[in-house]
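First the structure, in the form of structure tokens, and then the observations on it.
Numbers here are sequence positions counted from 1.
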Amino acid sequence: MTSHPLRIGNFSGFYGDRSDALREMLTGGGLDVLTGDYLAELTMLILARDRLKDPSAGYARTFLRQLEDTLGLAHEKSVRIVTNAGGLNPAGLARAVRELADRLGIPVRVAHVEGDDLTARHPGALAAHAYLGGFGIAECLRAGADVVVTGRVTDAALVTGPAAAHFGWKPTDHDRLAGAVVAGHVLECGTQATGGNYAFFAEHEPRALRRPGFPLAEIHSDGSGVVTKHPGTGGFVDVGTVTAQLLYETGGARYAGPDVTARLDTVTLSQDGPDRVRIEGVRGEAPPPTLKVGRNRLGGFRNEVVFVLTGLDIEAKAALVREQMGDALATSPPAEVRWDLARTDKPDAGTEETASALLRLVVRDADQQKVGRVLSGAAIELALASYPGFHVVAPPGKGSPYGVFEDVYVPHGDVDHVAVLHDGRRITVEPPQDTAPFDAVPNPALPEPLPPGPTARAPIGRVVGARSGDKGGNANVGVWARTDDAWRWLAHELTVERFREMIPEARELPVTRHVLPNLRALNFVVEGILGEGVAAQARFDPQAKALGEWLRSRHADIPEVLL
């Protein structure tokens, strides 16, 4: 327990992130803890399929390769490492880390957290894992662990756990924990907090964004903190980059987790110097009485073929091939057939590629035969018997399995949250005694609208930023303004109705708008736009990563004073 700030950094935002980031963070400046986030909904499915082939698998093997080059350096600098790279097999990864340390002759203490795996209770699931909080991590660190490996914990738990251990926080320290949750949410996606994937990237020197540095946070005993990065690293940290990441994959004012419900409507951000953003004022509430469980199962098989339509009569060419494929599939039709025509063609184009449109056919069925040779044979047999210029991007294959992500909820007491210490002792982490039902916060009053004045037709991205992402089959689009006047316009202009007009895919779907005045932001949640989740690949952009950028490109009548 200490009152000194905790310096905690991130070296991985996903499974496949920059491999040398761990070394960069260890050599770039002083740190107490380094966190690595490897898990996403799709990653859990990938690891589950690995485990089917090899029961000893199920964790992120790339972490071991990163550690082989850096474990000695981390030990020398007394930097502790906390990671969810354990995936479906945290005990297996912890054992592999110990073996690595023994081989390298480095005396490190390795602990792990388990209890999240509920697959046995969910027949038919490839993986079913509860999102645990940070107090199992805290127990491991308090007992002296140098490396802590977890399975499915919340992304923010990688920060709340070390902070609780460092400051001696208790489960009832809701405001402090909420501050750490917000800092953890900013850090979890790595370089998205330092200029990566940032809406206003074009305003900055391209050289600065070639290789953004990874972020770190200085967390204080009251839960407040500063997000920054190591000196001399690329990218930048400002209120905009932190706002964008705060809105990423969130919803309303209440951001629920297993340790605490953080009130995003209380977050105050301020520039605290170059590449430093202060986070303060965060309030916390008791967590909900249930834990989220992410469940992955096999949804069936899918296949696709993309027809290239070039030059004149694009619509007629598309109609012809659709009729021909319909006839060919009629004897054994797949359960789901979807056509999408992307008019990427331009008139009088200077290249063949820019004269071409793409017609995508996607089929799904529980029976692989119905999406395999039946489809590929039908498509290839049209090669000399269809529209002029017939060709496809790639020949269809035999069909591949796709996954479905679902979330369900269980009481905290249904999960055995256990910290397995470096000496083998097992410490049960008790569920929180103080919980509260999760209810939506009523939207606050809107600011006064701008006075009437001349307007110009322009993309709304000239005035506002956006970042979007996925949560199962839903997508969120966070939109924020950088000035008070732009916020006054945005709050009244971008209603649910206007959002549906700008994003036609959302016209028939439930859309909820959340208002966050402290961030000068609106957060839209679009239910069902991603079908059964990213693994089902229900749309062109299956994780909704670019949905916000599409929205920013749509035109509106914008007050000239804002342009």
Side-chain angles (χ1 to χ4, degrees), residues 42 45 297-346 349 351-405 470 473 475 503-509 526 528-547 550:
L42 181 59
L45 178 63
R297 62 177 174 83
L298 182 65
F301 297 86
R302 73 181 297 279
N303 205 351
E304 71 173 60
V305 57
V306 180
F307 301 90
V308 182
L309 315 175
T310 304
L312 305 178
D313 306 318
I314 295 295
E315 298 289 345
K317 289 172 179 174
L320 174 58
V321 76
R322 287 186 63 163
E323 289 179 6
Q324 290 176 313
M325 288 298 296
D327 292 343
L329 297 175
T331 55
S332 184
E336 181 183 343
V337 178
R338 174 169 174 164
W339 291 91
D340 291 294
L341 175 61
R343 293 300 302 265
T344 52
D345 55 304
K346 298 179 181 179
T351 66
E352 182 178 334
E353 186 173 3
T354 56
S356 300
L358 300 177
L359 178 64
R360 176 179 284 103
L361 166 62
V362 177
V363 295
R364 291 185 176 84
D365 200 281
D367 183 353
Q368 187 175 11
Q369 292 297 321
K370 290 187 177 182
V371 302
R373 293 181 179 177
V374 174
L375 175 73
S376 57
I380 298 307
E381 287 171 5
L382 293 179
L384 304 180
S386 190
Y387 59 86
F390 180 99
H391 66 287
V392 297
V393 170
K398 61 182 181 180
S400 58
Y402 69 90
V404 172
F405 177 85
D470 64 307
I503 306 295
E505 287 181 75
R507 284 179 180 166
E508 305 301 323
L509 298 174
V526 187
I529 193 171
L530 303 180
E532 295 174 300
V534 55
Q537 298 184 11
R539 66 190 296 272
F540 169 69
D541 174 16
Q543 289 181 281
K545 296 293 188 183
L547 191 58
W550 178 23

Trace of the side-chain contact (heavy atoms from CB on, under 4.5 Å) decision for Leu361 with Leu375: CA-CA 10 Å; Leu361 166 62; Leu375 175 73; 3.6 Å; yes
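- With hydrogens and angles ignored, the 3.5 Å screen pairs a side-chain donor or acceptor of Gln368 with a backbone N or O of Gly399.
- A search for side-chain contact (heavy atoms from CB on, under 4.5 Å) contacts involving Glu315 returns Leu341, Arg343, not counting sequence neighbours.
- Interatomic distance, Phe390 CZ to Leu382 CG, rounded to the nearest 0.5 Å: 5.0 Å.
- Of all the heavy atoms in Gly528 and Leu509, the pair that sits closest is C-CD1, 4.2 Å.
- Legend: salt bridge (Lys or Arg N to Asp or Glu O under 4.0 Å) pairs involving residues 361-372, not counting sequence neighbours, sorted by first then second residue: Glu336-Arg364.
- Nearest approach of Thr354 to Ala349, heavy atoms of both residues: OG1-CB, 3.3 Å.
- Counting heavy atoms from C-beta outward, Asp345 and Leu309 have side chains that stay 4.5 Å or more apart.
- Listed by chain and number, the residues in a side-chain contact (heavy atoms from CB on, under 4.5 Å) with Glu352 are Thr310, Ser356, His391 (sequence neighbours excluded).
- Across Ser376 and Pro396, no two heavy atoms sit closer than the pair CA-CG, 3.5 Å.
- With values rounded to the nearest 0.5 angstrom, Met325 atom CE is found 4.5 Å from Phe307 atom CZ.
- The OG1 atom of Thr351 lies 8.5 Å from the NZ atom of Lys346; values are rounded to the nearest 0.5 Å.
- A 4.5 Å side-chain heavy-atom check between Lys317 and Ser386 finds every atom pair outside the cut-off.
- The neighbour count for Leu312 CG, taken as heavy atoms of other residues, nucleotides or ligands under 6.0 Å away, does not exceed 12.
- Looking only at side-chain heavy atoms (C-beta outward), Val308 and Leu358 come within less than 4.5 Å of each other.
- Summarising the local packing, CZ of Arg539 is surrounded by more than 12 heavy atoms from other residues, nucleotides or ligands at distances under 6.0 Å.
- Listed here is the closest heavy atom pair of Val305 and Ala394: CG2-O, 4.5 Å.
- Separating the CD atom in Glu508 from the CD1 atom in Ile529 is a distance of 12.0 Å, to the nearest 0.5 Å.
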Verdict with supporting geometry, Leu359 and Val321, side-chain contact (heavy atoms from CB on, under 4.5 Å): CA-CA 9 Å; Leu359 178 64; Val321 76; 3.1 Å; yes
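- Residues Arg360 and Val306 share a closest heavy-atom pair of NE-CG2, 3.9 Å.
- Dense packing is recorded around CD of Glu505, with more than 12 heavy atoms of other residues, nucleotides or ligands lying under 6.0 Å away.
- Between the Gln324 side chain and the Ala385 main chain, a donor and an acceptor come within less than 3.5 Å of each other.
- The shortest heavy-atom contact between Pro395 and Ile380 is CB-CD1, 4.4 Å.
- To the nearest 0.5 angstrom, Asp541 atom CG is 9.0 Å from Lys545 atom NZ.
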